[in-house]
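On a predicted model such as this, the values are computed, not experimentally measured, just so you know.
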Amino acid sequence: MELTKEKLEDYLRNYVRDNATLEYPNCLDADVFPKMCFSEDLDMDSLMRLEMQMAIENAFGISIPDEVLEIVSGNFTVKEYIDEVINSQ
């Protein structure tokens with residue numbers, strides 16, 4: 001699958017929907033999801049974030065530098081993470 005910002009955002013939205021416990025289901029809305037933080041808003045712990053990154057690598061046939069995973073550990077948004085993944089390729 002070709003890696004684009006749109007495809008990665010859709011993949012992440014589906015991944016979060018299927019794997020995270022969402023306190024606010026509307027956080028997956030197209031205008032809200034890019035502004036969500038993985039740890040604070042989506043309540044994804046470090047193992048979930050690592051599994052997510054590995055799933056992205058497998059789905060798109062890419063390798064994401066470890067430094068990009070560290071971004072998800074902070075208060076970075078989904079959009080900022082997507083930008084970092086795209087820029088790392």
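To the nearest 0.5 Å, the span separating CD1 on I82 from CG on L12 amounts to 5.0 Å. Note that CG of L3 is 5.0 Å distant from CD1 of I62, once rounded to the nearest 0.5 Å. Considering CG of N19 and CE of M48, their distance stands at 6.0 Å, rounded to 0.5 Å. Here N14 contributes atom CG and L28 contributes atom CG; the two are 8.5 Å apart, rounded to the nearest 0.5 Å.
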Worked check of side-chain contact (heavy atoms from CB on, under 4.5 Å) between V16 and M44: CA-CA 9 Å; V16 168; M44 294 179 73; 4.1 Å; yes
Verdict with supporting geometry, L69 and I64, side-chain contact (heavy atoms from CB on, under 4.5 Å): CA-CA 8 Å; L69 182 60; I64 302 171; over 6 Å; no
Return all side-chain donor-acceptor pairs below 3.5 angstrom for residues 30-42, not counting sequence neighbours, or 'none' if the list is empty.
from: S39; atom 1: OG; to: G74; atom 2: O; distance (Å): 3.4
from: D41; atom 1: OD2; to: C37; atom 2: N; distance (Å): 2.8

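Remark: N26 pairs with Y24, D29 by the side chain to side chain contact (heavy atoms under 4.5 Å, CB included) rule, at least two apart or across chains. Residues passing the side-chain hydrogen bond (donor to acceptor under 3.5 Å, both in side chains) test with E84, sequence neighbours excluded: none. When the ring-ring contact (aromatic ring centres under 6.0 Å, His included) test is applied to Y11, the partners found at least two apart in sequence or on another chain are F60.
Between V85 and K5, every side-chain heavy-atom pair lies at or beyond the 4.5 Å cut-off.
Here salt bridge (Lys or Arg N to Asp or Glu O under 4.0 Å) pairs that include residues 6-21, with residues two or more places apart or in two chains, are E9-R13, D10-R13. Pairs engaging residues 44-63 under the side chain to side chain donor-acceptor pair (under 3.5 Å) rule: Q53-Y81 [sequence neighbours left out].
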